[in-house]
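What follows is a single structure, written as C-alpha cells, with notes after it.
For the numbers below, each heavy atom of this structure counts, side chains included, while hydrogens, waters and symmetry mates do not.
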Amino acid sequence: MSIEIKRLFDFPYYQLEKYDLKKSLITKNGEKWEATSTKEYIEKANAISRGLLRLGIKPNDKIAIISTNNRTEWNICDVGILQVGAQNVPIYPTISKEDYEYVLNHSESIYCFVSDEAILEKINQIKGNTKLKEVFTFEDILGEKNWSELLELGKDKSNQEEVEERKNAVKTDDLATLIYTSGTTGKPKGVMLSHKNIVSNVLASALRVPLDKGKGRGLSFLPICHIFERMILYLYQYCGISIYFAESIEKLSENAQETKPHVMTAVPRLYEKIYDKIYAKGASLSGVKKGLFFWAINLGLKYQPYGQNGWWYEKQLSIARKLIFTKWQAALGGELKLMVSGSAALQPRLARVFAAANMPVMEGYGLTETSPVISVNDIRDGGFKINTVGRLIDGVEIKISEQDEILVKGPNVMMGYYKDPEKTAEVIKNGYFHTGDKGKIENGFLSITGRIKEMFKTSGGKYVIPTLLEDKLKQSRFIEQVMVVGESEKMPTALIQPNFDFVKEWANRNDIKFSNLKELISNKKVIDRIQEEVDDCNINFGKWERIKRFTLTPEEWTVDGGHLTPTMKMKRKIIKEIYNDLYEKMYDR
C-alpha cells in the first residue's frame, strides 16, 4: 500500500518506498563526501526517536536545533524529534546569545542540538537562564555530550513499538515546528506551522519544479532553519533528489564543481554576487575575448522567454551559449538546470541573463507564515514571466485589498504566532493572512509592487516607496546595500554601503590613493562617481521621489553587525540608529 504523506516524517518513508536512494543525504567530512542512504536515514531517525523516549520526551515537548551549516544530522534529528510527537525549534546560528536565550525560553525548549564549538560557547553562556536539560553536539567536542550518544541510547529496539504508537498519534493538523522570524524590528515571533501547513506546500510546489525524479542532485546551502530551504529539502526527499550539503557559501562554487548539482536555491543577493564575480572576470579579459564576453552579456540582458525576441535573436543566443555561457555553467558544476530564488525581489536583469545562460532562476514569493510558497515561476507551459513571482500554487487563494495588500488563504497559512493571540488576530482576519506586501495580478501572474509598512510620506505629503528606488540602485556595481529614508522629512535621502571590493578596484584603476575605507569613501572622485549612479536612478522616478542627497557608510552591513537579518533583509530601524549622525547631517541638523 502506497504511503500517503500527511506528516513531515512521512517523506523519508515515501522516498524509501519509491526510490530507495543509495545517496539520500550527503555531507562533506574533511576531503570526502559521505553519503547516507534512505534506509540509513530512517534507521538513524528511529534510533533518535527511541533515545528521546528514553530521555522522557513527551508529546509537544520542544527541542531546539542550531547549526552553522546544513548537514545530514539536522535532517535525521528533525525526523527523530517529530516522530515522537515533539516539535523542533530551528534557530538561526548567527543571532546573539541574548536572542538564543529569548527563543529558548519563549519556546520552552528542554533539549538542544548544536553543530559546533562556536555555537556551544554562546549556548553555555546562557544555558543556566533556560530550561535546557542537556545540549548535544554534532561535531566531536571534548567533554561534551555528542548526538551519537543519543543514537547509542536508541540502539536497543525494544521500545520501537512505542515510537510507532507515537507516530500514529501525530495528526496532520498538529503543530510540527516553531520558526522564529528574524524580524526587522522588535523580538522575534514564533510562527506555528503544522504538518499540514508544510506538507501541503511541498506537494503543491513539487508540481512547479521540473526535477528528474529519483535521479537528480540538489545542492543545499541556504540556512535550513529558514522555512524556504527546509521546505525545499522535504521537496527533494519527495522527488528522490540526492541532497548535497555545501560546506559554506564561500565554498559554494568549489562544492558545486565537485557535486555537479542539477538544482539549487538561493536568495537574490547571492545571485547578484555570482553575477558580479562573472562580470569582474569578463572585465579583466582583453581583445576579442573581452568583446565577445560583453556582447554575450548585452544579449543576455535583452532576453525574453519562449523565443519572443524572434529567430535572429535566438540564433545569436545559441552562439553566445556555446562560446561564453557554457563557462558560466562550468563554474557551478556544468549540469545546473534550475535555480530557485526567494526571500526578496530578484532584479529582472539577473532573471534575464541567467536564463540566457541556460541557468534559469525561477523566482517565487512567500513568507514564513505561509510555509512559505504562495506563487512561483515555472519554465514549462508558459509559466515563466520576468519581473513577476509567477502563478499561484494549487490550493492557495489570494485577493488584493483596496490598499493593494496581498491577502492569502490556504492550507499553508500558519496556525498563528506562539503565545501571541493578539498579534495573530492582527494578521489573520476573516480567514485571510495579511502579508503586508503590495501586489497585483495580471494574466495570472503575481507581481510585488512594494511593502505597505516600508512606504513613507514626506513632509510635503507625497508617498515614496523606498524599495523601488533601492532595487534600482542595487543594480549598480558600485552599490552593495542602500536604504532610502525620509519619513516626514522634506525630501528622500539614502544611506549607501558601497561595494567595497569593486570601489577599491575602480579607485586603483583611476589612481585614487587611500589608506583605509573611511579615506576611500571621503574621496571626492568616489562620491562624484556614485552620484552618477544616483542620478541615473533618479531619472526613472517622479521629482518628489528622487534621492536628493546620499551618504556613504564606512563599513559593510552584516548580520553580525546588526544591520541585516539572517535572511539578508535590512533592519531599517537599527540601520537608521547606527548611522543617526549621518542621517541628521543629510538634513543639515
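- The two atoms that bring Tyr236 and Met264 nearest to each other are OH-CA, 3.9 Å, heavy atoms only.
- For Arg572 and Glu470, the salt-bridge test passes: some basic side-chain N is under 4.0 Å from an acidic carboxylate O.
- No donor-acceptor pair closer than 3.5 Å links the side chain of Asp437 to the backbone N or O of Ile452.
- Separation of atoms CD1 (Ile95) and SG (Cys225) is listed at 8.5 Å; rounding is to 0.5 Å.
- Counted by atom type alone, Ser253 and Gln257 present one or more donor-acceptor pairs between their side chains at under 3.5 Å.
- Ring-plane geometry between Phe293 and Tyr279 is classed as perpendicular, the angle between the planes exceeding 60 degrees on a 0 to 90 degree scale with a lower cut at 30.
- Formation of a donor-acceptor pair under 3.5 Å by the Thr370 side chain with backbone atoms of Gly366 is not found in this model.
- Side chains of Asp535 and Gln531: a donor on one and an acceptor on the other come within 3.5 Å.
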Report task. Let me see the working for Asp471 and Gln347 under side chain to side chain contact (heavy atoms under 4.5 Å, CB included), right down to the final yes or no. Result -> CA-CA 7 Å; Asp471 289 345; Gln347 294 173 14; 5.5 Å; no
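- Shown here is Lys474, whose NZ atom has more than 12 heavy atoms of other residues, nucleotides or ligands within 6.0 Å.
- Of the possible donor and acceptor atoms, none in the side chain of Arg352 sits under 3.5 Å from a partner among the backbone N and O of Ile386.
- Asn70 places a side-chain N or O within 3.5 Å of a backbone atom of Ile224 that can act as its donor or acceptor partner.
- Taking CG from Asn510 and CZ from Arg529, the interatomic distance works out to 9.0 Å, rounded to the nearest 0.5 Å.
- In this structure, Tyr587 has its ring center under 6.0 Å from that of Tyr583.
- Atom-to-atom distance recorded for Ile406:CD1 and Ser375:OG is 7.5 Å, nearest 0.5 angstrom.
- The shortest distance between side-chain heavy atoms of Ile496 and Glu533 does not fall below 4.5 Å.
- The OG1 atom of Thr259 sits 10.5 Å away from atom CD of Glu254, with the distance rounded to the nearest 0.5 Å.
- Thr265 and Glu229 share a donor-acceptor pair across their side chains, judged by distance under 3.5 Å alone.
- Atom CG of Asp381 sits in a sparse spot, with 12 or fewer heavy atoms from other residues, nucleotides or ligands closer than 6.0 Å.
- Between Trp506 and Phe478, the ring planes lie perpendicular to each other; the angle is over 60°, past the 30° to 60° tilted range.
- For the pair Tyr313/Tyr303, a side-chain contact is recorded, criterion being any heavy-atom separation below 4.5 Å from C-beta on.
- Figure legend: Lys423 and Tyr417 shown without cation-pi pairing, the cationic atom not lying both under 6.0 angstrom from the six-membered ring centre and within 45 degrees of its axis.
- The shortest distance between side-chain heavy atoms of Pro554 and Tyr579 falls below 4.5 Å.
- The heavy-atom pair separating Ile379 from Tyr306 by the smallest distance is O-OH, 2.9 Å.
- Within the 4.5 Å cutoff, side-chain heavy atoms of Pro90 are placed close to those of Thr177.
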Report task. With side chain to side chain contact (heavy atoms under 4.5 Å, CB included) as the test, would you mind laying out the steps for Met570 and Lys576 before giving the verdict? Result -> CA-CA 10 Å; Met570 289 187 293; Lys576 191 178 169 187; over 6 Å; no
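- By the 6.0 Å and 45° rule, Lys399 stacks over the aromatic ring of Tyr432.
- Taking both residues in full, the closest heavy atoms of Asn197 and Met192 are given as OD1-O, 4.0 Å, listed atom of the first, atom of the second, then distance.
- Salt-bridge check for Lys277 with Asp501: failed, with every basic side-chain N at 4.0 Å or more from each acidic carboxylate O.
- Between atom CG of residue Leu473 and atom CG of residue Asp536 there is a gap of 9.0 Å, rounded to the nearest 0.5 Å.
- Remark: Asn201 CG to Leu235 CG distance equals 9.0 Å, nearest 0.5 Å.
- Side chain of Asp420 to main chain of Gly416: no donor-acceptor pair is present (N/O by atom type, distance under 3.5 Å, no hydrogens or angles).
- Taking 4.5 Å as the limit, every side-chain heavy atom of Val427 sits out of range of all side-chain heavy atoms of Glu369.
- Residues Phe514 and Ala507 come closest through the heavy atom pair CE2-CB, 3.8 Å.
- The shortest side-chain heavy-atom distance between Met491 and Arg549 falls under the 4.5 Å cut-off.
- Counting only heavy atoms from C-beta outward, the side chains of Ile241 and His262 never approach each other to under 4.5 Å.
- Listed for the Gln497 side chain is a donor-acceptor partner under 3.5 Å among the backbone atoms of Trp557.
- Within the 3.5 Å criterion, the main-chain N or O of Gly436 finds a donor-acceptor partner in the side chain of Glu405.
- Asn412 contributes a side-chain N or O that, together with a main-chain N or O of Val373, makes up a donor-acceptor pair within less than 3.5 Å.
- Electrostatic pairing of Glu314 and Arg321 does not count as a salt bridge here, judged by no charged N lying under 4.0 Å from a carboxylate O.
- Heavy atoms only, all atoms of each residue included: Val559 and Thr94 are closest at CG1-OG1, 3.4 Å.
- For Asn443, the CG atom sits in a loose shell: 12 or fewer heavy atoms of surrounding residues, nucleotides or ligands are nearer than 6.0 Å.
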Requested in this report: Check the pair Val353, Trp328 against side chain to side chain contact (heavy atoms under 4.5 Å, CB included), reporting the backbone distance first and the verdict last.
Outcome: CA-CA 11 Å; Val353 80; Trp328 293 29; 3.8 Å; yes
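- Within the 3.5 Å criterion, the main-chain N or O of Leu468 finds no donor-acceptor partner in the side chain of Lys472.
- Contact of the Leu338 side chain with the Val209 side chain is registered, since non-hydrogen atoms from C-beta on lie closer than 4.5 Å.
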Report task. Before giving the answer on side chain to side chain contact (heavy atoms under 4.5 Å, CB included), spell out for Ile374 and Leu367 the whole-Å C-alpha distance, their side-chain angles and the decisive distance to 0.1 Å. Result -> CA-CA 8 Å; Ile374 291 169; Leu367 302 93; 3.7 Å; yes
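- Side-chain atoms of Asp99 and Tyr180 include no donor-acceptor pair closer than 3.5 Å.
- Open room surrounds NZ on Lys525; 12 or fewer heavy atoms of other groups in view lie less than 6.0 Å from it.
- Minimum interatomic distance between Leu407 and Ser401 (heavy atoms only, all atoms of both residues): CD1-CB, 4.2 Å.
- In the model, Asn255 has a side-chain atom that pairs as donor or acceptor with a side-chain atom of Glu247 under 3.5 Å.
- In this structure, Arg208 contributes its side chain and Arg391 its backbone to a donor-acceptor pair below 3.5 Å.
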